[in-house]
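What follows is a short report on a single structure.
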Amino acid sequence: MSITQNEKIRRVTDSTLVVGADKKVHVARASDARGIELGKPLSFDNTREGFERLLSWLETLMVEHGFDNVILGVEPTGHYWMVRHESRC
């Protein structure tokens, strides 16, 4: 079943935290449904630890601003969507 653009937009309510991230070292920005930026942008690496940091940041923003759900978009351009593995020597 295809979801239309309007159906996607209807999912964003006043209780939705909207977050977008981009590139190898991601920078995430959070806003409410009206586009008002919330908190400071978060830089995080494309690693497990980086995504755990993102999750903690999201959870904090949700509690601080009273959101009950979140929509996160990450651009999958080129190779940036691939997890970077770090060597631990």
Side-chain angles (χ1 to χ4, degrees):
M1 178 177 177
S2 175
I3 299 175
T4 68
Q5 186 67 25
N6 286 340
E7 289 170 330
K8 290 178 184 178
I9 292 169
R10 284 187 192 102
R11 290 182 182 177
V12 180
T13 67
D14 288 340
S15 63
T16 302
L17 177 64
V18 180
V19 179
D22 192 15
K23 303 297 178 202
K24 183 176 178 181
V25 173
H26 302 290
V27 177
R29 294 183 179 270
S31 67
D32 65 12
R34 295 179 297 163
I36 296 172
E37 190 167 353
L38 304 172
K40 294 182 179 181
L42 172 76
S43 294
F44 63 99
D45 291 325
N46 193 19
T47 62
R48 180 183 183 109
E49 291 80 14
F51 282 97
E52 288 172 351
R53 186 167 175 230
L54 171 66
L55 180 59
S56 176
W57 180 74
L58 292 172
E59 290 170 340
T60 299
L61 285 173
M62 290 179 75
V63 169
E64 286 178 356
H65 297 281
F67 295 109
D68 61 15
N69 62 66
V70 62
I71 292 178
L72 172 63
V74 179
E75 183 180 7
T77 303
H79 64 278
Y80 295 112
W81 62 272
M82 300 170 71
V83 173
R84 186 179 67 198
H85 298 280
E86 296 179 0
S87 62
R88 299 180 189 241
C89 300

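What you see is a predicted model, and the numbers here were worked out from it, not measured in a lab. Basis for what follows: all heavy atoms, side chains included, without hydrogens, waters or symmetry-related copies. Note that the numbering runs from 1 along the sequence shown for the chain.
Under the rule for a salt bridge (Lys or Arg N to Asp or Glu O under 4.0 Å), Arg10 has no partner lying at least two apart in sequence or in another chain. For Thr13, the side chain to side chain donor-acceptor pair (under 3.5 Å) criterion is met by Ser15, Thr16, not counting sequence neighbours.
A pairwise comparison of heavy atoms in Arg29 and Pro41 identifies NH1-CG, 3.1 Å as the closest pair. Across Phe67 and Asp14, no two heavy atoms sit closer than the pair CE2-O, 3.6 Å. Here the closest non-hydrogen pair linking Leu54 and Phe44 is CD2-CZ, 3.7 Å. What you find for Asn69 and Met62 is that their closest heavy atoms are N-CE, 3.4 Å.
Contact annotation: the side chain of His65 never approaches that of Asp32 to less than 4.5 Å [non-hydrogen atoms, C-beta and beyond]. At a threshold of 4.5 Å between non-hydrogen side-chain atoms, the residues Asn46 and Phe51 count as touching.
The salt bridge (charged side-chain N to carboxylate O under 4.0 Å, His left out) contacts involving residues 51-72 comprise Arg48-Glu52, where partners must be two or more places apart or lie in separate chains.
Annotation for Ile71: hydrophobic cluster partners, listed by chain and number, are Val12, Val18 (ILVMFWY side-chain heavy atoms under 4.5 Å, direct or chained).
Taken from CG in Leu42 to NE2 in His26, the straight-line distance is 10.5 Å, to the nearest 0.5 Å. To the nearest 0.5 Å, atom OG of residue Ser56 and atom CG of residue Leu61 are 9.5 Å apart.
Leu72 and Leu55 sit in two unconnected hydrophobic clusters of ILVMFWY residues. Membership requires side-chain heavy atoms under 4.5 Å apart, directly or through other members.
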